Amino acid sequence: MTEAVKDPPPGMVERRGAGLWVSHAIMMFGVLIVFFPIWLAFVASTVTQPEITNPPMPLWPGDQFLVNYGKALGSGVNVPVATMLVNSMIMAIGIAVGKIVISLLSAFAIVYFRFPGKMVFFWLIFLTLMLPVEVRIVPTYEVIAGFGMLNSYGGLILPLIASATATFLFRQFYMTVPDELAEAARVDGASPMRFFIDVLFPMSRTNIAALFVILFIYGWNQYLWPLLITTDPSMNTIVMGIKQMFPSGDDIADWPVIMATSILAMIPPVIVVISMQKLFVRGLVDSEK
Amino acid sequence: MEKRVTFKGWLLPLCLIAPQVVISAIFFFYPAGQAIWQSLFIPDPFGLSMQYVGLGNFEFLLSDPYYRASFLTTAIFSTLVTLVSMVPALFLAVVADRLIKGAGTYRTLLIWPYAVAPAIAGVLWLFMFNTRVGVVSWYLGNLGYDWNHVLNDTEAMGLVVVASAWGRISYNFLFFFAALQAVPKSVIEAAAIDGARFWRRFWTIVLPLLSPTTFFLLVVNIVYAFFETFGVIHTITSGGPQQATTILVYKVFSDGFVGQDLGSSAAQSVILLVVVGALTVFQFKFIERRVHY
């Protein structure tokens, strides 16, 4: 990101000269430290196995990039990484879209209608804010198993969209929409759904996009849940599949392929975060409020 | 709570709210109810019947040295993760805030690790400290330090803490940086005119103004350390050595799925539920206060 203002009138307390360079040096050092694990993984994904198993491994990329990534994507260890990427993509998009759709609708109902049992439903939804899936894994697993949804996309997605955060975000946003708009729609004889589709939905676009970024990363990075319910390797997601690539006994792990998989696993969320940085920061700050 | 202008009808809103209510009921309320129900029973050794034990599972857990140890482990772990992720983030944010140009570039670079899943972060750090091939452990060995997190409790804890805190540095940096940018320049300059040097300004003006952000991040990071670090623990140590890194969430998993002790696992879920509830209430109370800050 480039700064919008090239040379703002410097305040009197900003450092310049030597102090400024010290600040830059500290920032660069910080970035280097934070980046080092990713750099090392990238290097490991471009060298041969013997280069890694005879430590110390090189700190500069080798020439095995295509070999390792080809091997990972094409065959992997248990299942081709390409398959796991597709599964992760479906799961992440499914969770993001599913959560956004159900919460757009339920927030609309809560804000724009009076109907029997409304407060009960509101509090029922509110309660789901409180319990991460990690806490209720055993019974949720039994529900999914009972529905025969193990090793299915439905089983991966549905339990993770039962949460109220998105509903509350949209509710807060709808509350800021001027009453005149709904009034005008009603006077014009527009049906509630027409108002929703033509007025409310277009106005919510920025919020939807920001929320999509957050939820995509949330879904992509899920670990425990896919670990439990995808016993069939062809349904593994990439984030949980990496652990399965380590041999169980004393065999040496295929580090170049595992590290190539790690890099592949972080590329989609990193692209989403970097390319939608402004929206992402906004969504993050909003959703935690 | 609702608009002054509302639409008429009750069938439509019920249909609109139905998907969320149905999904919450099936995948949230029913399992949560099951957890509470199961926590009152113990299954017989063959899994054929359940025996009602009242609060027996809870009494057993609270007197179980392993469970108490896990509580302590979780407390140490989440305190360390919170510290290790917040202090460097605040430091970097303060430095970045003083830059006239380039702060945005650093932000873009520092944001990366946030997108990396905890489980992947675990694999990356495991790779660096692997006892056989790890680069860092190799150099440590050359310096005469024999790194072995597979056997050494303290080293295992250190490694999972750093791997868990790593991605959170990005997150905390974003919030601290945004908060610092919002501190009015005039206040800082007034203090500078009065002769307050940088550190004095930081301690007496900037840090107090940051306190809402700091408290918020404290709660959020503790919640993260409690519930979202399963992937790190599972990939790096699997709770070992000798349960030294078995945090509460990991224990729910290992007792319930590996040990098949459903009653105890359910009781642990209920205890965690109370912990989450307390943290949520605390967070809401705090946010209420922040509005009037």
Side-chain angles (χ1 to χ4, degrees), chain A residues 1-3 10-15 23 26-27 30-31 34 37 40-41 52-53 55-57 102 105-106 108-109 111-116 121 125 128 130-132 134-136 138-140 143 158-159 161-162 179 182-183 192 217 221 223-224 239 242-243 262 265-266 269-270 273 281 288, chain B residues 2-7 10 12-14 16-17 19-21 23-24 27-28 30-32 34-35 92 95-96 98-101 104 106 108-113 115-117 119-120 123-125 128 133 135 138 174 185 188-189 192 227 230-231 235 249 256 262 265 269 272-273 276-277 280:
Chain A
M1 199 183 96
T2 51
E3 294 294 88
M12 60 169 59
V13 291
E14 262 95 13
R15 280 284 184 101
S23 298
I26 292 174
M27 287 311 292
V31 168
V34 168
L40 207 62
I52 294 175
T53 50
M57 62 169 275
I102 65 167
L105 296 178
S106 59
F108 179 53
V111 174
Y112 280 97
F113 290 90
R114 283 191 202 118
F115 56 93
F121 289 129
I125 293 172
T128 63
M130 298 198 347
L131 202 56
E134 278 75 7
V135 177
R136 55 190 154 98
V138 177
T140 313
V143 170
L158 287 175
I161 61 180
D179 278 353
E183 204 153 15
I217 291 167
N221 289 351
Y223 181 77
L224 175 58
V239 168
I242 287 179
K243 166 91 176 174
S262 304
M266 66 179 86
V270 165
V273 166
V281 172
E288 300 285 8
Chain B
E2 72 194 7
K3 292 282 188 182
R4 191 168 44 81
V5 184
T6 52
F7 292 102
W10 55 270
L12 180 64
L14 282 179
L16 291 173
I17 208 169
Q20 173 140 33
V21 170
I23 287 183
S24 302
F27 298 109
F28 183 90
Y30 176 72
Q34 280 290 105
L92 287 175
V95 175
R98 308 183 76 203
L99 298 173
I100 301 167
K101 286 187 217 167
Y106 291 122
T108 304
L109 290 171
L110 281 173
I111 225 174
W112 267 57
V116 178
I120 306 286
V123 172
L124 299 189
W125 285 86
M128 289 198 290
V133 304
V135 170
W138 189 84
L174 285 176
K185 284 271 183 289
I188 306 286
E189 290 181 1
F227 300 107
F230 176 87
T235 48
V249 167
L262 290 184
S265 174
S269 290
L272 277 178
L273 197 148
V276 191
T280 310

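Just so it is clear: chains get the letters A, B, ... in the order the sequence lines come, proteins before strands, and each one is counted from 1. Values below: every heavy atom of this structure, side chains too, minus hydrogens, waters and symmetry copies. Everything numeric in this text was worked out from a predicted model, so none of it was measured.
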Straight-line distance of [X] [atom1] to [Y] [atom2], nearest 0.5 Å:
X	Y	atom1	atom2	answer
A/I102	B/L16	CD1	CG	12.5 Å
B/W125	A/L40	CH2	CG	10.5 Å
A/M266	B/W112	CE	CH2	8.0 Å
B/L110	A/M27	CG	CE	5.0 Å
A/I26	B/Y106	CD1	OH	10.5 Å

Identify the two heavy atoms, one from [X] and one from [Y], that lie closest to each other, and give their separation to 0.1 Å.
X	Y	value
B/L124	A/S262	CD2-CB, 4.2 Å
B/P13	A/A109	O-CB, 3.6 Å
A/Y223	B/A119	CD1-CB, 3.2 Å
A/G30	B/L92	CA-CD2, 4.2 Å
B/L99	A/S23	CD2-CB, 3.5 Å
B/A117	A/V239	CB-CG1, 3.8 Å

Heavy-atom distances under 4.5 Å only: say whether [X] touches chain A with side chain, backbone, both or neither.
X	value
B/F7	both
B/V123	both
B/V116	both

Practice item. Go through the atoms of A/V34 and report whether side chain, backbone, both or neither lie under 4.5 Å from a heavy atom of chain B. Key: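 For A/V34, the contact with chain B is made by backbone and side chain together.
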Practice item. Sort A/I242 into side chain, backbone, both or neither according to what part of it lies under 4.5 angstrom from a heavy atom of chain B. Key: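 Contact with chain B: side chain only.
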Review point. Residues two or more places apart in sequence or in another chain: which of them pass ring-ring contact (aromatic ring centres under 6.0 Å, His included) with A/F108?
Key: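 If we apply the ring-ring contact (aromatic ring centres under 6.0 Å, His included) test to A/F108, skipping adjacent residues, the hits are A/Y112, A/F113, A/F196.
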Practice item. Taking side-chain contact (heavy atoms from CB on, under 4.5 Å) as the test, write out the residues that go with B/L14, two or more places apart. Key: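 Result, side-chain contact (heavy atoms from CB on, under 4.5 Å) vs B/L14: A/F115, A/F121, B/W10.
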**Study point:** Pick from A/P192, A/A265, A/P269 with the largest number of heavy-atom pairs that fall under 4.5 Å of chain B
**Key:**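 Ranked by contacts with chain B, first place is A/P192.
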